[in-house]
There are 2 protein chains.
Amino acid sequence: MRKRICARHGKDYPCSCGMGNLYRFVEPVVLLLLKMKGKTYGYDLSAALEGHALTDTTIEKGVLYRTLRRLETNGNVKSEWETEGRGPARRVYRLTRQGEQHLEEWAAVLEHLSKSMTRFVRDARKPVTSKARADR
Amino acid sequence: MRKRICARHGKDYPCSCGMGNLYRFVEPVVLLLLKMKGKTYGYDLSAALEGHALTDTTIEKGVLYRTLRRLETNGNVKSEWETEGRGPARRVYRLTRQGEQHLEEWAAVLEHLSKSMTRFVRDARKPVTSKARADR
DNA sequence: ACAATATAGGTGTTATGTACACCTAATCGC
DNA sequence: GCGATTAGGTGTACATAACACCTATATTGT
């Protein structure tokens with residue numbers, strides 16, 4: 001839908017920034033990082049998300065904190081304040097059993113989605129049929 | 001986020017219906033179908049979407065009609081009323097040059113997304129490291 | 001002749017998710 | 001003491017999806 005020009009990647013790179021409010025898959029990526037790290041907190045996740053996001057855009061920090069809260073409300077993660085160590089207190093998150101299962105669900109959904117998208121790309125690049133060309 | 005139980009696929013099939021308001025990719029799928037068909041109208045697209053949607057859910061008819069209008073506003077498709085033939089009048093859509101380009105952009109974006117998702121799935125199914133297990 | 005169904009194209013409203021801007025507070029380095 | 005870094009947010013507007021509901025024109029069955 002290209003409402004604005006992408007400031008991060010310029011107009012040559014086919015990034016997703018210009019395609020409207022594309023879903024950023026913050027929830028599944030956060031669940032995966034929590035699985036890999038064992039435990040973390042928002043500020044740390046914010047940096048790690050750079051390398052693990054599914055789309056090209058930086059995942060917005062406000063969205064991240066709200067996603068963590070929502071995951072906790074739904075029982076997928078649990079948190080506690082950690083005042084030990086250097087710097088300001090951190091709210092440390094861990095996956096719950098239910099959160100691990102939810103990640104598995106996401107994996108199944110994204111596996112399916114990934115295949116559908118590959119099929120889409122193949123079809124989109126096929127030359128148009130003679131009938132479609134005539135109807136155009 | 002599983003706000004409700006999926007009515008279409010039951011609770012055993014890992015469909016995307018239960019994962020919250022997942023992006024349905026209506027815009028790119030509509031662009032692809034228009035490319036394949038040469039020209040079509042909303043009611044016909046509504047049926048064709050069943051077989052081409054990227055997610056498991058049926059694409060909602062209200063969303064479809066609004067998407068077609070938005071695509072026209074942005075210059076990606078053009079339409080005209082067709083009163084010939086049987087049944088009520090149809091608003092017939094065709095891709096514009098710009099619409100074809102927009103479809104190519106979508107293909108590039110979804111190709112990238114598809115690869116990221118495949119990587120995600122692989123990572124999500126990896127056994128947790130001993131460090132992560134200890135931190136849990 | 002008339003009712004039910006299929007075809008066709010919508011609108012209204014709410015919920016969910018993203019984007020961008022802005023804020024508070026503790027601690028660290030100098 | 002003071003700016004930078006670390007940490008965790010909130011406010012608000014906009015985009016998209018979900019669900020419910022509506023209008024009108026043919027076609028088909030009885």
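Remark: P of D:dG9 and CZ of A:Arg70 are 15 Å apart, rounded to the nearest angstrom. Atoms OH (B:Tyr23) and P (C:dT18) sit 12 Å apart, rounded to a whole Å. The distance between atom CG of A:Leu45 and atom P of D:dG8, rounded to the nearest whole Å, is 9 Å. Between A:Leu68 atom CG and C:dG17 atom P there is a gap of 14 Å when expressed in whole angstrom units. In this structure, CG of B:Leu64 is placed 14 Å from C1' of C:dT11, rounded to the nearest angstrom. Regarding A:Glu84, its CD atom lies at a distance of 14 Å from the P atom of D:dA7, rounded to whole Å. Note: CZ (A:Arg66) to C1' (C:dC20) measures 11 Å, nearest angstrom.
Side-chain proximity of A:Val26 to C:dG17, C:dT18, D:dT16: nearest is C:dT18.
Smallest separation of non-hydrogen atoms from B:Lys37 and A:Asp135: O-OD2, 3.8 Å.
When the nearest nucleotides of DNA chain C are assigned to A:Glu60 and A:Thr83 by heavy-atom distance, the more 5′-ward of the two goes with A:Glu60.
With hydrogens and angles ignored, the 3.5 Å screen pairs a side-chain donor or acceptor of B:Glu60 with a backbone N or O of B:Gly62.
Within a 6.0 Å radius of CZ in A:Arg133, other residues, nucleotides and ligands contribute more than 12 heavy atoms.
For residues 106-123 of chain B, the salt bridge (Lys or Arg N to Asp or Glu O under 4.0 Å) pairs, not counting sequence neighbours, are A:Arg125-B:Glu111, B:Asp123-B:Lys126.
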How would nucleotides 2-9 of chain C be written as a contact map, 5' to 3', with B for base contact, S for sugar-phosphate-only contact and - for no contact, using protein heavy atoms under 4.0 Å?
-----BBB
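With respect to B:Glu80, the side-chain hydrogen bond (donor to acceptor under 3.5 Å, both in side chains) criterion is satisfied by exactly one of B:Lys39, B:Arg94, B:Arg90: B:Arg94.
For the pair B:Arg24/B:Val63, no side-chain contact is recorded, criterion being any heavy-atom separation below 4.5 Å from C-beta on.
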